[in-house]
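First comes the structure, then the notes that go with it.
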Amino acid sequence: MTSTSRPTREDVLDAFAVEPDAGRETLERYLRNYPEHAAALLDISRELSRDLCDDEDALSAEAQSAINQAWRQHIDVAPEVSADPFTALSVTAFREIAQTLEVPRQVITAFRERRVLVGSVPRRFLARLALALNSTVDSLVEALSVQPGPAAVRSFKSDVKPNAGTPVPFERLLVDAGIPDDKRKALMADD
């Protein structure tokens, strides 16, 4: 002998809601079969039979103009989100950019982690970096000017909380990377 369990309240309401005709006859049948859910069935029946307020009148030109004006004001004050050109870099692309610019990868890493004073970087190098990143100089400078959040800082198992450190001048970065004097002078040239 198998026992059949009664459907749950949600199952009954779902079934009623998808009935092709949720009229009086259907409601009465559901009330006879599931009297324990009578209140919920009546509520959903009223909700389904409710007239929707379709506003058939078109907006006046004055109302449409006011809406458009409000949208323009909203768009004007909405901050533009600048995409970080470093986020989508694969390891291979990262390596290729370092080779193209003839600098060690740690220099590019310092840019990605915002550890370089942007004002100290020669415009010529910024232009080459922006070109390698498929970006513009202005958007690159804007992205580099934003300090990274904790997710952008490298975090390894440590006893202290990792931090981004203080940004350093571009020349100091090149010295720390072990770039020879002649090559460093060429990278610092801004012609």
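If you're wondering where the values come from, they're calculated on a predicted model, not measured in any experiment. Computation of the quantities below employed the complete heavy-atom set of this structure, encompassing side-chain atoms and omitting hydrogens, waters and symmetry-equivalent molecules.
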Nearest 0.5 Å please: distance from the [atom1] atom of [X] over to the [atom2] atom of [Y].
X: Asp138; Y: Leu126; atom1: CG; atom2: CG; value: 10.0 Å
X: Thr136; Y: Leu140; atom1: OG1; atom2: CG; value: 7.5 Å
X: Gln106; Y: Ile108; atom1: CD; atom2: CD1; value: 10.5 Å
X: Thr92; Y: Glu96; atom1: OG1; atom2: CD; value: 6.5 Å

Flag yes if more than 12 heavy atoms outside Glu36 fall under 6.0 Å of its CD atom; otherwise flag no. yes
Tell me whether Arg95 at atom CZ has more than 12 heavy atoms from other residues, nucleotides or ligands lying less than 6.0 Å away. yes
Looking only at heavy atoms, which two atoms of [X] and [Y] are closest? And how far apart?
X: Arg6; Y: Asn33; result: NH2-O, 2.6 Å
X: Pro122; Y: Leu187; result: CG-O, 3.6 Å
X: Arg124; Y: Ala189; result: NH1-O, 3.5 Å

Inspect the contact between [Y] and [X] and indicate whether a charged nitrogen and a carboxylate oxygen are less than 4.0 angstrom apart.
X: Arg172; Y: Asp176; answer: yes
X: Asp182; Y: Lys185; answer: no
X: Glu25; Y: Arg29; answer: no

Is any side-chain heavy atom of [Y] closer than 4.5 Å to one of [X]?
X: Arg114; Y: Asp84; result: yes
X: Asn68; Y: Ser65; result: no
X: Pro85; Y: Asn134; result: no
X: Val116; Y: Leu144; result: no

If Ile, Leu, Val, Met, Phe, Trp and Tyr residues are connected whenever their side-chain heavy atoms lie under 4.5 Å apart, and connections chain through other members, are [X] and [Y] in the same group?
X: Ile179; Y: Met188; value: yes
X: Val118; Y: Val168; value: yes
X: Val141; Y: Val121; value: yes
X: Val137; Y: Val103; value: yes

Short side-chain to backbone donor-acceptor contact, [X] and [Y], under 3.5 Å:
X: Thr26; Y: Asp21; value: yes
X: Ser139; Y: Ser135; value: no
X: Arg128; Y: Thr100; value: yes
X: Lys183; Y: Glu102; value: yes

Taking the ring of Phe111 and the ring of Phe86, is the distance between their centroids below 6.0 Å? no
Which residues, ordered by chain and number, are linked to [X] in its hydrophobic cluster, where ILVMFWY side chains connect at heavy-atom gaps below 4.5 Å, directly or through other members?
X: Val175; result: none
X: Leu131; result: none
X: Val91; result: none

Would Arg184 and Phe170 count as a cation-pi pair here, with the cationic atom under 6.0 angstrom from the ring centre and within 45° of the axis? no
With Ser49 via side-chain contact (heavy atoms from CB on, under 4.5 Å) - residues at least two apart: none
Pairing residues for Gln69 by the side-chain contact (heavy atoms from CB on, under 4.5 Å) criterion, not counting sequence neighbours: Arg72, Gln73
Determine, stepwise, if the pair Leu101 / Ile97 fulfils side chain to side chain contact (heavy atoms under 4.5 Å, CB included). CA-CA 6 Å; Leu101 299 175; Ile97 290 171; 3.9 Å; yes
Contacts under 3.5 angstrom, residues 10-20 side chains, donor-acceptor by atom type, not counting sequence neighbours:
| residue | atom | partner | partner atom | Å |
| --- | --- | --- | --- | --- |
| Asp11 | OD2 | Thr8 | OG1 | 3.1 |
| Glu19 | OE2 | Tyr30 | OH | 2.7 |

